[in-house]
Amino acid sequence: MTIDEQHRAAGTELPAHRLPSPRAPADGLTGRTRWRTPDAIVVEVAGDIDLCTVSRLEATLDEHLRACPGVLRVDLGEVHFLGAAGLRALVRTAEQAAEAGVHLVFDPGRSHAAIRALELLDRLQG
C-alpha cells in the first residue's frame, strides 16, 4: 500500500505541495552573442550553469558550432555557479569543436566558479 493509499484509507489528506517546485529552466542563465563575424564568434554567458539551465547553454553553443567559425570564444566571466552538468556540456562542446575544426576558447574571466571548474577539467584531462 502506497502512502497516498494509506492516507485515503485513514481519511486524512496529504499536503498539496510536499516537495519544493523546481526552478524554471530559464532561471539564472543568459547567453548572448557579443561578437560575430564569419571567422569568429564570442558568446557571453552569465548566471548559474546547472542541471536546470544547461540545456540552454548547450543549445546556444551547438548553434554557434554549426556556423563553423574559425574561433568560438565562450566568455564565462559572469558565471556564478558551474555544476557537473555544465562541466559535461563544456567537455562535449570541446569534443564537437575539435571534430568540426573550430578553435574553442573558454575564458573564465574573473568568475571563481569558472576558474575552479576549468582548472578541474585541466587536471582531469592532463
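Computed over heavy atoms, backbone and side chain alike; hydrogens, waters and symmetry mates excluded.
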| Which residue pairs pass the salt bridge (Lys or Arg N to Asp or Glu O under 4.0 Å) test when at least one of the two sits in residues 94-111, sequence neighbours left out? | Arg73-Asp107
| field | Residue Leu51 excluded, over 12 heavy atoms near CG under 6.0 Å | value | no
Determine the minimum heavy-atom distance between [X] and [Y], stating which atoms define it.
{"X": "Thr37", "Y": "Ile41", "answer": "O-CG1, 4.3 Å"}
{"X": "Gly86", "Y": "Ile49", "answer": "CA-CG2, 3.5 Å"}
{"X": "Phe106", "Y": "Pro108", "answer": "O-CD, 3.5 Å"}
{"X": "Val79", "Y": "Ser111", "answer": "O-OG, 2.5 Å"}

| said: Could you work out, with side-chain hydrogen bond (donor to acceptor under 3.5 Å, both in side chains) as the rule, every residue matching Arg36, not counting sequence neighbours? | reply: His64
| query | Between Leu118 and Leu90, does a side-chain contact (heavy atoms from CB on, under 4.5 Å) hold up when you go through it step by step? | reply | CA-CA 9 Å; Leu118 294 176; Leu90 297 182; 4.3 Å; yes
Point-to-point distance, once rounded to the nearest 0.5 Å, from [atom1] of [X] to [atom2] of [Y]:
{"X": "Leu72", "Y": "Gln96", "atom1": "CG", "atom2": "CD", "result": "11.0 Å"}
{"X": "Leu121", "Y": "Leu87", "atom1": "CG", "atom2": "CG", "result": "5.0 Å"}
{"X": "His112", "Y": "Leu82", "atom1": "NE2", "atom2": "CG", "result": "14.0 Å"}
{"X": "Asp75", "Y": "Arg32", "atom1": "CG", "atom2": "CZ", "result": "9.0 Å"}
{"X": "Leu57", "Y": "Asp62", "atom1": "CG", "atom2": "CG", "result": "9.0 Å"}
{"X": "Leu61", "Y": "Leu104", "atom1": "CG", "atom2": "CG", "result": "8.0 Å"}

| request: Check the hydrophobic clustering (I, L, V, M, F, W, Y; side-chain heavy atoms under 4.5 Å; chains of links allowed) and say if Val43 and Leu65 are grouped together. | output: yes
| said: Do Leu76 and Val91 land in one hydrophobic cluster if side-chain heavy atoms of ILVMFWY residues count as linked below 4.5 Å? | reply: yes
